[in-house]
Asks: 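Pasting a structure below so you can have a look.
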Amino acid sequence: MSEKLFRKPVIIVNFKAYREVNGPGALELAKICEKVSGEAGLNIAICPPTVDLGYVARNVSIPVFSQNVNPRAPGSATGWITPSMVEACGAVGTLINHTEHKIKPMDIEECMELSKASNLYTVICSDNDKVAAEVAKLRPDFVAVEPPDLIGGDISVTTANPGIIENTVEAVRAVNRSVMILCGAGIKNGDDVKAALELGTDGVLLASGVVRAKDPEAAVRDLVKMI
Ligand code: G3P
């Protein structure tokens, strides 16, 4: 499914729950990503805060992902985020098992099944190459590797721990040749994106480098400058 909407290089910006994207900030940043995406001729996907997911998805033309789904079918599921409601609100995909929102292995499988049934693109996140290879067997569209200790920091995983990216690419490719591989943690600029691609990934998953930047538009432009 990923080939239809996504081609290498893939950039996914996770807005997380930063103050900068509370309220109107979410759509403002989404519009910036949409603008640069159009100019660069590639899809920059975004993960806005869940409370604004439908609002953002209805107002931009770039792919919008949920930051999370719960393993729940439509019905008696008060407060849970069902894959079905994510699809219905106009989003096209979801992160699963982000390191800041980890779920049990059994729930990852259930989320995958329900998300596929709702035609959502799936990004399963992992802390390391071993987990990445395990979750790649579930046939998501994307696997992301993000060492937790580098998340939100100033040093990109491509500089601080390129080995974990190379190991992930090798381990994931051994079990699934078609899944797209992303890396994340500390990625801030076009040099980091270039390094990620040179290490064998298909793209990056990032947050603070864009969301917390003084000039988010300049930050997004910088990300795509080497592409
Ligand atoms: O989901 C992206 C992520 O966890 C990496 O965050 O702030 O290091 O780019 P950051």
Side-chain angles (χ1 to χ4, degrees), residues 2 6 8-21 29 32-33 36 40 42 44-47 65 67-68 95-103 108 122-136 140-176 179-227:
S2 48
F6 294 97
K8 184 175 176 174
V10 175
I11 295 179
I12 303 182
V13 182
N14 178 7
F15 292 9
K16 297 196 176 181
Y18 286 116
R19 277 189 194 285
E20 288 85 341
V21 290
L29 183 55
I32 288 172
C33 293
V36 177
L42 84 164
I44 298 175
I46 55 172
C47 312
F65 281 53
Q67 296 180 9
N68 172 53
L95 305 184
I96 294 173
N97 195 47
H98 190 278
T99 193
E100 293 155 9
H101 205 130
K102 285 227 179 100
I103 56 176
I108 297 179
T122 48
V123 183
I124 309 185
C125 301
S126 60
D127 289 357
N128 57 51
D129 49 301
K130 287 189 182 55
V131 177
E134 271 313 302
V135 297
D141 297 287
F142 303 89
V143 166
V145 64
E146 304 190 301
D149 51 319
L150 297 172
I151 288 180
D154 289 329
I155 305 173
S156 167
V157 59
T158 54
T159 307
N161 195 352
I164 199 171
I165 302 174
E166 289 169 322
N167 292 344
T168 297
V169 171
E170 194 185 328
V172 168
R173 287 286 167 252
V175 297
N176 182 336
V179 65
M180 297 187 96
I181 303 172
L182 308 176
C183 67
I187 290 187
K188 301 241 173 327
N189 56 44
D191 296 328
D192 301 336
V193 174
K194 184 167 177 272
L197 298 174
E198 285 171 356
L199 288 163
T201 71
D202 297 288
V204 297
L205 171 62
L206 79 157
S208 53
V210 166
V211 182
R212 311 215 68 199
K214 281 204 182 76
D215 182 345
E217 182 163 339
V220 182
R221 279 188 198 292
D222 196 286
L223 283 179
V224 300
K225 74 177 180 203
M226 320 289 275
I227 295 169

Asks: Could you point out which residue of N68, N14, V123, V13 forms a side-chain contact (heavy atoms from CB on, under 4.5 Å) with C47?
Replies: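 Option passing the side-chain contact (heavy atoms from CB on, under 4.5 Å) with C47: N14.
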Asks: So which heavy atom on T168 is nearest to which on V145, and how close?
Replies: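 So the two residues come closest at OG1-CG2, 3.5 Å.
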Asks: As an exercise, state the distance from CD1 of I12 to CZ of F65, rounded to the nearest 0.5 Å.
Replies: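 Going from the CD1 atom of I12 to the CZ atom of F65 covers 4.5 Å.
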Asks: To check you understand the geometry: which heavy-atom pair defines the closest contact between A219 and A213, and what is its length?
Replies: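 Looking at all heavy atoms of both residues, the closest pair is CB-CB, 3.8 Å.
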Asks: Could you tell me whether K225 and D192 have a side-chain N and a carboxylate O separated by less than 4.0 Å?
Replies: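 Between D192 and K225 there is no salt bridge, as every charged N stays at least 4.0 Å from the carboxylate O atoms.
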Asks: Within the distance-only criterion (no hydrogens, no angle test), does the side chain of N167 pair as donor or acceptor with the backbone N or O of D129 below 3.5 angstrom?
Replies: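 Side chain of N167 to backbone of D129, a donor-acceptor pair under 3.5 Å: no, none is there.
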Asks: Would you say the side-chain atoms of R221 pair up with the backbone N or O of V224, donor to acceptor, closer than 3.5 Å?
Replies: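 Answer holds: no.
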Asks: K188 side chain to G153 main-chain N or O, any donor-acceptor pair under 3.5 Å?
Replies: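 Flag set: sc K188 to bb G153 pair under 3.5 Å.
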Asks: Give a yes or no on whether the backbone of I187 and the side-chain of T158 come within a donor-acceptor separation of less than 3.5 Å.
Replies: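 The answer is no, because no donor-acceptor pair under 3.5 Å joins these two groups.
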Asks: Kindly give the heavy-atom pair with the smallest separation between V21 and F15, and that separation in Å.
Replies: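 For V21 versus F15, the nearest heavy atoms are CG2-O, 3.4 Å.
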Asks: Looking at every non-hydrogen atom in both residues, tell me the closest pair between L95 and Q67 and how far apart they are.
Replies: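 Smallest interatomic distance, heavy atoms only, reads CB-O, 3.5 Å.
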Asks: Taking all heavy atoms of K102 and all of D127, pick out the closest pair and write down the distance.
Replies: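 Of all heavy-atom pairs spanning K102 and D127, the closest is NZ-OD2, 2.7 Å.
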Asks: Tell me if a side-chain donor or acceptor on D222 pairs with a main-chain N or O of N189 at a distance below 3.5 Å.
Replies: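 Checking the backbone N and O of N189 against the side chain of D222, no donor-acceptor pair under 3.5 Å is found.
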Asks: For V204 and L182, work out which heavy atoms get closest and say how close.
Replies: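 Heavy atoms only, the tightest pair is N-CD2, 3.9 Å.
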